[in-house]
Amino acid sequence: MQLHLSAPPAPDSAPRFAAAIVAAAADISDAELDYGPAAIETVEEIVDGFRSDGATAQEMAESLVAFGCYVGETLIRQGGGSWRHEPDAPGAVPLVVEAPDGRLLDPIDWVFRRLEHGADVSIRDHCSLAFPGPCADR
């Protein structure tokens with residue numbers, strides 16, 4: 001998959017992608033993404049909208065990467081951890097969140113899979129499993 005991003009997805013650029021999608025979501029959809037657990041549902045709703053419009057992962061790749069970075073930033077802010085370059089990541093982008101306990105979480109892949117599979121892939125459930133306390137709160 002070819003991405004046309006302003007910078008390659010990397011640990012230092014992920015927070016900027018997240019901030020950019022926060023601004024874009026507010027501007028385009030009046031959606032409030034505040035890095036809180038409840039906003040993950042908003043991300044799911046937006047991605048579900050792409051899906052219902054018939055958008056493909058290729059067409060939406062840049063937005064999906066940015067939403068994945070947003071989800072990752074939410075994980076980091078709610079439960080700790082950091083971005084890490086991971087060439088063996090299962091998804092299209094070699095960027096994951098390393099949780100404080102060393103687990104590797106792939107929020108960018110979760111977002112891509114939500115577009116591909118719909119509600120069968122719950123980004124919220126992935127977040128809650130990653131950090132049961134702060135990410136499970138509504």
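In this text, all values refer to a predicted model and were calculated from it rather than measured experimentally.
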Do side-chain atoms of Arg51 reach the backbone of Glu116 as a donor and acceptor pair under 3.5 angstrom?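 Checking the backbone N and O of Glu116 against the side chain of Arg51, a donor-acceptor pair under 3.5 Å is found.
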
Ignoring hydrogens, what is the shortest heavy-atom contact between [X] and [Y]? Give both atom names and the distance.
{"X": "Pro90", "Y": "Asp109", "value": "CG-OD2, 4.5 Å"}
{"X": "Gly72", "Y": "Val97", "value": "CA-CG2, 3.8 Å"}
{"X": "Gly68", "Y": "Trp83", "value": "O-CH2, 4.0 Å"}
{"X": "His126", "Y": "Val121", "value": "NE2-CG1, 4.1 Å"}
{"X": "Ser122", "Y": "Arg114", "value": "CA-NH1, 3.7 Å"}
{"X": "Thr74", "Y": "Gly36", "value": "CG2-O, 4.0 Å"}

Can you classify the ring geometry of Tyr35 versus Tyr70 as parallel (below 30°), tilted (30 to 60°) or perpendicular (above 60°)?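 Plane angle between 30° and 60°, so tilted.
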
[atom1]-[atom2] distance between [X] and [Y], expressed to the nearest 0.5 angstrom:
{"X": "Leu64", "Y": "Arg113", "atom1": "CG", "atom2": "CZ", "answer": "13.0 Å"}
{"X": "Glu59", "Y": "Leu115", "atom1": "CD", "atom2": "CG", "answer": "9.0 Å"}
{"X": "Leu33", "Y": "Ile46", "atom1": "CG", "atom2": "CD1", "answer": "5.5 Å"}
{"X": "His85", "Y": "Leu95", "atom1": "NE2", "atom2": "CG", "answer": "8.5 Å"}
{"X": "Asp53", "Y": "Asp48", "atom1": "CG", "atom2": "CG", "answer": "11.0 Å"}

Evaluate Ile21 against Cys69 for side-chain contact (heavy atoms from CB on, under 4.5 Å), listing each step before the verdict. CA-CA 9 Å; Ile21 207 67; Cys69 288; over 6 Å; no

Is atom CG of Asp101 surrounded by more than 12 heavy atoms (other residues, nucleotides or ligands) closer than 6.0 Å?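 It does: Asp101 CG has more than 12 such atoms within range.
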
side-chain contact (heavy atoms from CB on, under 4.5 Å) for Phe131 and Gln78? Distances and angles first, verdict last. CA-CA 8 Å; Phe131 296 113; Gln78 295 296 320; 5.7 Å; no

Go through the steps to decide whether Phe17 and Glu73 satisfy the test side-chain contact (heavy atoms from CB on, under 4.5 Å), and finish with yes or no. CA-CA 10 Å; Phe17 288 128; Glu73 278 297 299; over 6 Å; no

Flag yes if Val65 and Ile76 sit in one hydrophobic cluster, no otherwise; membership is Ile, Leu, Val, Met, Phe, Trp, Tyr, and two members link when side-chain heavy atoms are under 4.5 Å apart. yes

Verify the cluster assignment for Val111 and Val96: are they in a single hydrophobic cluster under the rule of side-chain heavy atoms below 4.5 Å apart? no

Please test Ile123 against Phe67 for side-chain contact (heavy atoms from CB on, under 4.5 Å), starting from the C-alpha separation and ending with a verdict. CA-CA 11 Å; Ile123 299 167; Phe67 277 115; over 6 Å; no

